[in-house]
Amino acid sequence: MTQPIASPGVTRQPIERNLAMELVRVTEAGAMAAAQHMGMGNKELVDQAAVDAMRFTLDGISMDGVVVIGEGEKDEAPMLYNGERIGDGTPPGVDIAVDPIDGTTLLSKGLPGAISVIAMAGRGMMHVPEGVFYMDKIAVGPEAASVIDLDAPVADNLHAVARALGRKISEVTVIVLDRSRHQGLIEQIRATGARIKLISDGDVIAGIQAALPNTSVDVLLGIGGAPEGVITAAAIRCTGGAILCRAWPRTDEEREQLAESGVDLARVYDTDELVGGEDVFFAATGASTGEVLDGVRFTANGATTQSLVMRSRSGTLRWIESVHDFTRLDKVRFK
């Protein structure tokens with residue numbers, strides 16, 4: 001995983017354009033392309049379809065972009081690879097984080113909750129801990145942003161969140177990836193009396209749910225992907241919530257490698273450390289219908305999509321319903 005490419009000594013100007021409104025075209029293209037392969041059992045095909053459509057659509061945005069979270073290193077991914085330059089080279093200079101489909105397994109099996117997602121911030125503002133693949137996380141919405149502590153016991157965090165929300169602990173819902181590594185965590189949550197929502201996949205959308213108003217989820221807890229943590233942080237920068245993350249080595253060998261490379265395994269990264277600056281943009285489009293976003297619905301000559309678009313500077317959250325006419329979208333490749 002590459003570090004963000006920074007521009008030392010360059011004065012950053014506010015990004016006046018609401019790039020999120022341009023990015024939504026990218027996630028719409030990714031979701032529509034991938035959704036054509038829903039339920040086919042091939043998650044690689046789902047991912048590649050989204051990558052192809054998103055990369056093509058990104059070419060139409062005027063910017064000097066660098067992919068800091070993408071499909072991997074250049075020799076592993078022909079497009080949307082870490083370090084790839086995107087756009088025509090004109091200002092603004094931005095970092096780009098993309099997850100073509102968060103929930104490829106979900107979509108390949110025809111299950112709900114898959115989304116196409118992209119985030120953007122000023123150049124050098126997305127900070128990806130190098131070599132870290134998984135992180136321990138806690139994420140909440142604005143009301144509880146100041147009360148969480150990754151070093152505190154699970155019970156202390158959940159009771160603090162309940163107080164911040166003005167609820168009983170039994171009225172607080174925690175979303176957790178259903179993994180064997182979380183068995184102890186699940187037992188601790190149950191011991192508090194809080195409710196649990198287990199999910200099989202979809203790390204990004206889970207964090208977004210916890211940070212959005214009026215959802216069925218109040219807290220995200222557990223270990224998930226480090227890149228997904230940064231993308232989630234971008235969304236949370238827009239909602240005013242908070243996410244805290246710490247590197248989680250999978251093996252003793254990985255722990256030693258991270259320590260040797262200078263990664264502080266005790267360090268807790270907060271929202272602003274993961275994604276800094278005042279200009280953060282986020283867009284997500286539903287591929288398969290979930291609790292936050294409806295999935296792609298194909299019609300005789302097109303499709304309908306639902307997207308969530310956010311901007312940190314204004315704090316505006318937009319749900320966008322779009323009707324796409326494929327007979328006119330001759331510049332967008334879906335196959």
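All of these numbers come straight from a predicted model, not from anything done at the bench. Note that the numbering runs from 1 along the sequence shown for the chain.
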Do side-chain atoms of [X] reach the backbone of [Y] as a donor and acceptor pair under 3.5 angstrom?
X: Thr289; Y: Gly295; value: yes
X: Glu254; Y: Thr251; value: no
X: Asn301; Y: Phe326; value: no
X: Asn157; Y: Asp149; value: yes
X: His182; Y: Ile223; value: yes
X: Ser288; Y: Gly110; value: no

Connected via hydrophobic side-chain network under 4.5 Å: [X] and [Y]:
X: Val24; Y: Met120; result: no
X: Val161; Y: Val176; result: yes
X: Val230; Y: Met310; result: yes
X: Val46; Y: Ile118; result: no
X: Ile205; Y: Val219; result: no

Is the shortest side-chain heavy-atom distance between [X] and [Y] below 4.5 Å?
X: Met79; Y: Phe56; answer: no
X: Leu106; Y: Ser200; answer: yes
X: Arg25; Y: Ile61; answer: yes
X: Val172; Y: Thr192; answer: no
X: Val98; Y: Met54; answer: yes
X: Leu212; Y: Leu308; answer: yes
X: Tyr134; Y: Arg181; answer: yes
X: Asn18; Y: Ser314; answer: no

Ion pair check, [X] and [Y], cut-off under 4.0 Å:
X: Arg179; Y: Asp201; value: yes
X: Asp151; Y: Arg246; value: yes
X: Arg55; Y: Asp59; value: yes

Open item on the list: Looking only at the side chains, is there a donor atom on one of Ser261 and Glu130 sitting less than 3.5 Å from an acceptor on the other?
Closed with: no

TODO: Answer yes if the side chains of Thr305 and His324 hold a donor-acceptor pair under 3.5 Å, and no otherwise.
DONE: yes

Over all heavy atoms of both residues, which pair between [X] and [Y] is shortest? Give the atoms and the distance, please.
X: Ser307; Y: Glu28; result: OG-CG, 3.8 Å
X: Glu273; Y: Val268; result: OE1-O, 3.4 Å
X: Glu291; Y: Gln209; result: OE1-NE2, 3.3 Å
X: Leu158; Y: Ala194; result: CD1-CB, 4.1 Å
X: Thr239; Y: Pro142; result: O-CG, 3.2 Å
X: Ala303; Y: Val296; result: CB-CG1, 4.0 Å

- [ ] Can you spot which of Thr27, Val26, Leu107 makes a side chain to side chain contact (heavy atoms under 4.5 Å, CB included) with Ser116?
- [x] Thr27

- [ ] Would you mind telling me which of Leu19, Val309, Val117 makes a side chain to side chain contact (heavy atoms under 4.5 Å, CB included) with Phe282?
- [x] Val117

- [ ] Please lay out, stage by stage, how Asp218 and Arg195 fare under the test salt bridge (charged side-chain N to carboxylate O under 4.0 Å, His left out).
- [x] CA-CA 10 Å; Asp218 304 300; Arg195 292 151 39 101; over 6 Å; no

Can you tell me how far the [atom1] atom of [X] sits from the [atom2] atom of [Y], to the nearest 0.5 Å?
X: Leu293; Y: Ile208; atom1: CG; atom2: CD1; value: 8.0 Å
X: Asn42; Y: His37; atom1: CG; atom2: NE2; value: 8.5 Å
X: Asp102; Y: Asp99; atom1: CG; atom2: CG; value: 5.0 Å
X: Ile231; Y: Ile236; atom1: CD1; atom2: CD1; value: 12.0 Å
X: Asp47; Y: Ile101; atom1: CG; atom2: CD1; value: 7.5 Å
X: Leu258; Y: Arg250; atom1: CG; atom2: CZ; value: 9.0 Å

- [ ] State which residues pass side-chain hydrogen bond (donor to acceptor under 3.5 Å, both in side chains) with Thr304; sequence neighbours excluded, sorted by chain then number.
- [x] none

How about [atom1] on [X], more than 12 heavy atoms from neighbouring residues, nucleotides or ligands closer than 6.0 Å, or not?
X: Glu321; atom1: CD; value: yes
X: Arg318; atom1: CZ; value: no
X: Arg297; atom1: CZ; value: no

Task: Chi angles and distances behind the side-chain contact (heavy atoms from CB on, under 4.5 Å) call for Phe281, Glu22 - done: CA-CA 10 Å; Phe281 307 92; Glu22 300 177 52; over 6 Å; no

TODO: Share the residues that join Val217 in a hydrophobic cluster, the rule being Ile, Leu, Val, Met, Phe, Trp or Tyr side chains under 4.5 Å apart at the heavy-atom level.
DONE: Ile175, Leu177, Ile199, Leu220

TODO: I would like to know whether Arg85 and Asp64 meet side-chain contact (heavy atoms from CB on, under 4.5 Å); could you show each step before the answer?
DONE: CA-CA 7 Å; Arg85 293 275 177 171; Asp64 177 14; 3.2 Å; yes

Task: Set of salt bridge (charged side-chain N to carboxylate O under 4.0 Å, His left out) partners for Asp203, sequence neighbours left out - done: Lys137

Open item on the list: As a quick check of understanding, evaluate side-chain contact (heavy atoms from CB on, under 4.5 Å) for Glu84 and Val66, giving each step before the final call.
Closed with: CA-CA 6 Å; Glu84 183 178 7; Val66 177; over 6 Å; no

TODO: Report the C-alpha distance between Thr285 and Met32 in whole Å, list the side-chain angles of each, state the deciding distance to 0.1 Å, and finish with yes or no for side-chain contact (heavy atoms from CB on, under 4.5 Å).
DONE: CA-CA 9 Å; Thr285 299; Met32 287 189 288; over 6 Å; no

